[in-house]
Structure formats: structure tokens, C-alpha cells
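Down below is the structure, laid out as C-alpha cells.
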Amino acid sequence: MTVRSALSCEGLGKRYGSTWALRDCTLRIPAGSVTALVGPNGAGKTTLLQLAVGMSAPTAGEIEIFGWSPQREPQMVLPRIGFVAQDHPLYRGFTLADMLSFGRRLNARWDEKLARRRLDSLGLQLSQRVGKLSGGQQAQVALTLALAKRPELLLLDEPAAALDPLARREFLQALMEGVAEEGVTVVLSSHILADLERVCDHLVILSRARVALADSTEEIARSHRLLTGATRGVDEIAQLHSVVHANTTDRQTTVLVRANGHVYDSHWQVSNVDLEQIVLAYLALDPVRTPEQPVMSA
Amino acid sequence: MVQFHLDSTSGVPAYLQIVQQVRQAISLGVLRPGDQLPTIKEVVGSLAINPNTVVKAYRELDLAGILDARRGQGTFVSDDVEGSPDHDYAPLRAELVKWLSRARGAGLDDEAIRALVASTLRTELSVRAVA
């Protein structure tokens with residue numbers, strides 16, 4: 001069965017001056033999925049999203065949205081995508097009515113009913129000014145505007161990073177309702193791991209401008225195993241499986257592997273690992289990370 | 001209407017938790033043949049989870065003949081499902097409460113009680129399998 005790709009890229013790279021912000025990026029995000037883009041700040045998440053919406057041009061390789069190039073065929077791509085940039089920028093002096101009329105004029109597929117229904121269910125009045133809303137409400141308004149555009153692919157850059165846990169939960173509920181109702185494909189970047197496991201079905205881990213792992217969460221959970229045993233070398237294991245992370249104390253060795261089939265080895269106790277632990281292990285591989293760059297703020 | 005809840009620390013995949021909760025609700029008589037289940041959107045809205053998770057759970061229960069997805073109407077507990085007989089579990093529960101207080105008296109904590117119940121269930125199952 002071939003599933004249509006919402007986003008696909010091949011050898012995609014973006015260089016700013018002498019620094020590669022994204023490099024050798026090859027991946028495919030299936031239509032209908034909810035994909036999380038995770039990685040520390042500076043790993044290339046925002047760069048990938050900006051390439052996807054055509055806000056910047058690739059230095060190398062290709063990116064396609066539903067088979068079209070965002071740079072060369074924006075007239076095919078732009079009507080199909082919704083983009084909520086970091087800090088959900090809105091016109092602070094606008095009333096909600098102004099925001100809706102703005103959206104209506106700029107978007108051919110604009111769904112006024114959907115927008116009004118969503119704002120109504122949030123308890124917001126059209127006369128309210130954007131600048132007076134709470135952070136959580138502003139995020140909800142930005143999501144409403146993006147969904148009312150009726151996109152086939154919705155891209156969100158750190159949509160919930162600045163929200164308190166309750167507002168984040170409400171935001172994700174609204175987002176998931178949007179997915180259930182409209183069947184929209186979602187790609188969201190995040191450095192908050194806590195909610196991802198229940199929200200996403202695909203995961204792309206970016207580290208040092210490269211893709212460290214990209215797969216369905218099901219396959220990731222299935223293939224990764226944590227091995228614990230008495231202190232010993234990991235060479236034998238590394239011959240059969242890919243070692244993601246190994247940690248040795250004077251008594252015990254703990255190894256996270258991406259298993260190549262089953263792990264049969266009586267020296268190790270084999271256990272399952274949750275997604276958050278797996279992501280953290282991949283991010284821990286990242287040697288450029290410095291303490292002042294928060295990887296997680298959960 | 002049933003409400004689902006997710007335990008993110010259990011290590012059990014979310015879709016499987018929903019499957020188990022539907023099965024439990026049926027065996028406890030909370031859900032009966034013909035009852036409607038919450039829509040995908042309702043579950044998604046209350047739990048903030050991926051709709052595909054709910055779709056997967058409902059599909060699995062549909063394939064198992066436990067649920068019946070009727071196009072345009074919703075998802076219902078299948079009429080073929082053996083509903084829980086109109087059992088009154090009160091006497092069993094009362095005995096269990098008594099047993100629990102004896103177990104606590106013997107110094108068992110919750111974890112030890114769960115372990116004892118689980119291991120007894122396992123032994124009983126294997127004894128029944130042999131018999």
C-alpha cells in the first residue's frame with residue numbers, strides 16, 4: 001500500500017554563510033499523519049518548516065509538498081498549507097473580527113463558519129482585541145485562523161512552547177479535534193516531549209542539522225530496546241544491533257539499541273523503553289548542545 | 001456514555017488501553033449491546049490524543065466483532081456481544097472487601113496484594129488448562 005506523501009525531501013540542505021542549518025535531509029511524511037519534529041534549539045526544525053512553506057530556498061536537494069515545490073510552484077502549495085510560526089504572530093491591534101476579515105480576503109478556501117464556531121467554543125467575542133488575549137487564547141486564535149484556511153497540511157513551529165500546562169493541553173485538544181474533523185496532516189516542531197507520545201504517530205528527530213531518526217512512533221517503540229547487564233563491553237551487541245546510547249557504571253552497563261530483529265542474548269535483560277526515553281537518548285548524542293540551550297521544558 | 005482515561009506510565013500503548021477499557025466496560029455491564037460509543041472527535045477532545053489512536057482501537061474492536069461501526073451513525077456495541085448477565089456483583093465485592101482487610105491485617109500492602117492476585121490468577125489459569 002502506498003500512502004501519499006504530504007511532505008517529502010531528498011538530500012535537502014540549507015546553508016547560511018558557512019553554517020549548514022540543515023543537511024542531507026531525506027524523509028517522507030505520509031498524508032494523514034501527525035508528525036513531531038523534535039530536537040534541541042538550532043537542530044534545524046525551524047529551517048525545515050521554512051523550507052516546507054517556501055519562505056526560504058534550499059541550498060541543496062529538493063523538498064516537495066504533495067508533489068509540488070514550494071519555491072517553484074507556490075500557487076499549488078500555498079493554498080494547501082497552513083503555517084503557525086513560533087510565538088503565533090497575530091496583529092495585536094486587530095479585533096478578532098478584523099482577523100477573520102483579513103483571513104477571508106486572503107484565502108480562497110476560507111471557511112468563515114468553522115472560524116466563528118471555533119472562536120465561539122473558546123468563549124471569545126469578535127469585538128475582543130488580539131493584544132488583550134492570554135497567551136493560550138492567542139495560540140488558539142492562531143490555530144483557528146490556520147484551520148479556517150482549510151489546509152491539507154498544517155505546519156506548526158513550537159506551537160505550545162510558551163503555554164502553561166493547562167493551556168498546552170487545551171491547545172492540543174483543539175488541534176487533535178481539528179485533525180479528527182478535517183483530516184488535516186500535521187507537522188509540529190517541539191522541544192516539549194511530555195505530550196508528544198499521545199499526540200503524534202510519526203516522529204522525526206533532528207540533531208546537529210541532520211535527521212537522526214524518522215519513523216512511525218509504533219515502529220520506533222517496537223524496534224528500540226533497553227539492555228541492562230553486569231558491566232561488560234558493548235562490541236558484541238554493536239555487531240548485531242545499532243547502539244544508540246551506552247552507559248557503564250562500575251556494576252552495570254545499560255545500552256539502548258535500535259534492534260535488528262529480536263535481541264537474543266542471555267547476558268542482557270531486555271526491556272521496552274518509552275518514546276520520551278528514546279528521544280532523550282538520541283538528543284544526548286548531540287555534542288554541540290550546551291547547558292544554556294534548553295532541550296526540554298516539560 | 002463511557003469515558004476513557006489513559007495511564008501514560010503503564011507502558012501499554014494508548015490504543016490498547018482504549019480496547020481494554022471497552023472490553024472491561026462490556027464485561028462489567030457498563031456498556032450493553034446497542035449502546036453508542038463516544039465519537040472519535042469526542043474521545044480526541046477529552047484526552048488530547050491522536051485521532052488515529054482511537055480509529056485503530058475501534059477498528060480492532062470492530063474486527064473482533066465487539067463493536068459495530070455504522071456509516072454516518074456512529075459506533076455501537078455489537079448486538080452479538082454477550083452482554084454481562086444482570087449480575088449483581090455486590091456479594092462478590094463484599095467478600096473481596098473482607099479478604100482485603102484480612103490481607104492488610106497480614107501485613108500486605110497494595111503492591112503485594114496485586115502481585116498475589118496476579119500470581120494466583122496465573123496459577124489458576126494453568127491449573128484449569130491442565131484439567
Side-chain angles (χ1 to χ4, degrees), chain A residues 3 30-36 117-118 121-122 143 159-160 163 165-186 188 192-203 216-222 224-226 271-278 298, chain B residues 1-25 36-64 67-76 111 114-115 118-119 122:
Chain A
V3 181
S33 67
V34 180
T35 301
R117 183 164 46 80
R118 289 192 76 98
S121 72
L122 294 166
L143 176 62
L163 305 183
L166 181 63
R168 190 162 78 222
R169 175 77 185 238
E170 287 169 352
F171 182 86
L172 291 174
Q173 281 171 339
L175 177 62
M176 290 300 107
E177 279 181 9
V179 174
E181 278 179 334
E182 317 295 332
V184 59
T185 307
V186 173
L188 74 154
I192 301 169
L193 302 176
D195 312 304
L196 294 182
E197 195 149 13
R198 45 206 302 173
V199 168
C200 300
D201 46 43
H202 284 69
L203 189 66
S216 71
T217 51
E218 208 169 281
E219 180 55 30
I220 291 172
R222 201 190 60 74
H224 286 77
R225 290 285 178 272
L226 192 69
S271 48
N272 296 339
V273 243
D274 65 27
L275 207 57
E276 187 168 341
Q277 265 182 289
I278 297 170
Chain B
M1 189 70 81
V2 287
Q3 269 208 326
F4 301 118
H5 51 89
L6 289 184
D7 178 0
S8 54
T9 59
S10 68
V12 179
Y15 89 92
L16 216 52
Q17 293 191 39
I18 294 176
V19 167
Q20 286 169 352
Q21 283 168 34
V22 170
R23 286 177 181 275
Q24 269 167 18
Q36 185 168 8
L37 272 91
T39 63
I40 310 257
K41 195 193 149 200
E42 283 164 347
V43 180
V44 159
S46 69
L47 295 178
I49 57 167
N50 189 313
N52 299 333
T53 306
V54 190
V55 171
K56 187 171 175 188
Y58 280 14
R59 191 187 298 135
E60 182 158 319
L61 288 159
D62 189 352
L63 286 174
L67 294 184
D68 193 5
R70 299 178 201 158
R71 191 168 281 274
Q73 293 182 56
T75 307
F76 298 82
E111 200 179 333
R114 278 197 203 97
S119 78
R122 271 199 302 274

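Proteins come first, then strands; the chains are lettered A, B, ... in the order of their sequence lines, and each starts at number 1.
Closest heavy-atom contact between A180(A) and P51(B): N-CG, 3.7 Å. Taking each heavy atom of R169(A) and A48(B) in turn, the nearest pair found is NE-CB, 3.6 Å.
Surrounding CD of E219(A) are more than 12 heavy atoms belonging to other residues, nucleotides or ligands, all under 6.0 Å away. Heavy atoms of other residues, nucleotides or ligands lying less than 6.0 angstrom from CD of E218(A) number 12 at most. No more than 12 heavy atoms of other residues, nucleotides or ligands sit less than 6.0 Å from atom CD of E111(B). Within 6.0 Å of the CZ atom in R23(B), the count of heavy atoms belonging to other residues, nucleotides or ligands does not exceed 12.
Heavy atoms closer than 4.5 Å to chain B are found in both the backbone and the side chain of D201(A). Residue contact with chain A, scored on non-hydrogen atoms closer than 4.5 Å, is absent for T39(B). Contacts between E170(A) and chain B at a heavy-atom distance below 4.5 Å are absent for every atom of the residue.
Looking at E177(A), its side chain never comes within 3.5 Å of a backbone N or O of V44(B) through a donor-acceptor pair.
Per-residue heavy-atom pair counts under 4.5 Å with chain A were compared for V55(B), V54(B), L47(B), and the maximum is reached by L47(B).
Residue M176(A) holds its CE atom at 9.0 Å from CG of N52(B), rounded to the nearest 0.5 Å.
Proximity of T53(B) to R198(A): side-chain heavy atoms (C-beta onward) are nowhere separated by under 4.5 Å.
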